Amino acid sequence: MIGFCGRSLRLEWHRVLMRGNEMAKFSDGAARVRFAPSPTGHLHLGGLRTALFDWLWARKTGGKFILRIEDTDRRRLEPESVSSLMRGLRWLGLDWDEGPDIGGPHSPYIQSERQEVYRKHAQALVDRGQAYRCYCTPERLETMREEQRRQRKPTGYDRRCRGLSDSERAEREAEGLPSVVRFAVPEEGVTVFTDLLRGEVQVDNRQLQDEVILKADGFPTYHLAAMVDDHLMQITHVLRGEEWLSTAPLHRLIVDAFGWDMPVLVHLPVILDPSGKGKMSKRKKTVAGKEYLALVHEFEDAGYLPDAMFNFLTNVGWNFDPVEEVFSREEAIDRFQLEEINPSAAALPYEKLDWLNGLYIRELTAGALKAALIPFLSRQLGLREDDLAGDRKLDILAPVIQERIKRLDEAAGWLDWAFQDAEDINYNEPKLLIGRKMDVDGSIQMLQAGASLLETVEPFAAESIQGAFREKADELDVKAGSLFGPIRGAVSGKKVSPPLFESIEALGREETLRRIERAKLALENLQTDEG
RNA sequence: GCCCCGUUCGUCUAGUGGCCCAGGACACCACCCUCUCAAGGUGGAGACAGGGGUUCGACUCCCCUACGGGGUACCA
């Protein structure tokens, strides 16, 4: 643990900055952390990573991981995305202890079902003069901003409604004007908050806005809803994207206005798109001609293993160990520390994910590998899952492609030939059957030699087939590769294939001979064409 | 424009004043192994954004600049 002594120094430093009431929460007690996505679309890797760190901290401290749906924006709402979100979390193995589907002591966990709670809290602030109703129309706000921009001044609400007298307010209410509630930010002074990773941050209150906390439609904005829920749900640690850093002072002010304690704030660095520029978006991104995935379900569909993804995501923004890159969930939970999170933005190293995924694939048992492969082969090759499950070809071939694939969806490209008929294999490309430094006659000879040998070899299994082939190569005084090459082409219809002898064994004697025969025919045609 | 945050090999990172002419991993290159392709093994190349301080000594502390990111909504 010597390596971590520096970390604890930093930890001490943060402790000094914390006030007494905040310190209690910073202790190592059971944490209550929440993942609070807004259901506006599919979950992407950035969101998943936030949830992952939430989960790690909850499990580490023996606390609770809470799922809360922040659906207060009706315009962007996509109701189906709630199930997509949950599916993504489950896929990675992030189980929640309280949430919309399973309930909990602070139900409901869907903000649209908590409107009354927010309304009351907003009203309490209005009653105490810490918030006020604003009757400005969106149109007025827009022209105001335009004017500010024109004058190159910072844009922001001019607080016109803040100074309204009681009679002016009564007048507007009588008229039935729609209104919002704005939080009344102190006009001067400095607001200070502490981010676990960055330390104390001070912001001049003059930079802050009288932000809307309750919209005209009666729904709260994030600023109110999240603060109220975090308090009511007794959240101890708030992990959220760095894009919230700028609004943290406002949140501190709101929390203070209610007289509540501030949770520990941890603003997670943004995840950059693969080009290293800009936040990762939900759109597919093409960098250097290659398309990068972003959505969780896309990674699932591409055949990334949850364990590999877990390992991968845990190690960006946080570092498990200076030397060891591969670790289990248990080890990650054991070592995870919030204050070790790196505050600088990072692009996802996709090549490393591929490497890790390959590594995890190689560690799969034969049974697990086969089971994992079946849905992919079924989908990509148009085969029935049941048929695949009972196909012995897969039992022979799956283990030999295991160290050759980095994603499950690559298997089809390695094995398609094994599930085709001899007639469907195209032997017309001469380079397929004729090796370098070989001619048509030579290749035909090799095919013939292979065929005659395969007719009699016993048992018809990879090892004995290989032995027979090597003997034959010696006998013909050719390099093994010269003999294997044309046979490989005949068997698989490819220049690059899984190991030859396992492939032959999988195909069986009869089918193999049929393919060699067809390949020979193709070469003979070539011969007569030329002759 | 204004405010906030960040900046170590191409990428993810270790590093918290001397252990660092900066360590690991992926990717890349070479060689070995080898039935193709992989996997594996060995080796190689590759970074402290720039400038000022502070200090006997700065990747590490402070300041400035540059660059990158985020925010500036009745979105989250």
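Bear in mind that the values here come from a model prediction, so they are computed numbers and not experimental data.
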P spacing across the pair rC62(B) / rG6(B), given as an integer number of angstrom: 11 Å
Between P on rG1(B) and CZ on R152(A), what's the gap in Å once rounded to a whole number? 9 Å
When both distances are under 3.5 Å in a Watson-Crick or G-U wobble arrangement, the nucleotide paired with rC26(B) is rG10(B)
Return the nearest nucleotide to the side chain of K352(A); candidates are rA27(B), rG24(B), rA76(B). rG24(B)
Consider the side chain of N342(A), meaning its heavy atoms from C-beta on, and name the nucleotide among rU13(B), rA73(B), rA76(B) that approaches it most closely. rU13(B)
What does rU72(B) pair with, Watson-Crick or G-U, if both distances are under 3.5 Å? rG1(B)
Nearest to the side chain of T247(A), which nucleotide is it out of rC37(B), rA38(B), rA76(B)? rA76(B)
5' priority, RNA chain B, between V316(A) and E325(A) [closest heavy atom]: V316(A)
Can you check the R404(A) CZ to rA38(B) P distance for me, whole Å? 10 Å
R362(A) has its side chain closest, among rU11(B), rG40(B), rC74(B), to rG40(B)
I'd like to know if E147(A) and R145(A) make a salt bridge, using a cut-off of under 4.0 Å between side-chain N and carboxylate O. no
Can you figure out which of rC37(B), rC4(B), rC12(B) approaches the side chain of W414(A) most closely? rC37(B)
Here the distance between atom P of rC5(B) and atom CD of E200(A), to the nearest Å, is 11 Å
Taking only Lys NZ, Arg NE, NH1 and NH2, and the carboxylate oxygens of Asp or Glu, determine whether K215(A) and D217(A) approach each other closer than 4.0 Å. no
Inter-nucleotide C1' distance (rC64(B), rA22(B)), Å rounded: 26 Å
P gap between rA38(B) and rC32(B), integer Å: 16 Å
Are C136(A) and C161(A) close enough that some pair of their side-chain heavy atoms sits under 4.5 Å apart? yes
For I405(A) and W318(A), take the nucleotide of RNA chain B holding the closest heavy atom to each; which residue's nucleotide lies nearer the 5' end? W318(A)
Can the positive tip of R49(A) be found less than 6.0 Å from the middle of the six-membered ring of F53(A), inside 45° of the ring normal? yes
How about F183(A) and H251(A): are their ring centroids closer than 6.0 Å? no
Side chain of E70(A) - closest among rA76(B), rC37(B), rG10(B): rA76(B)
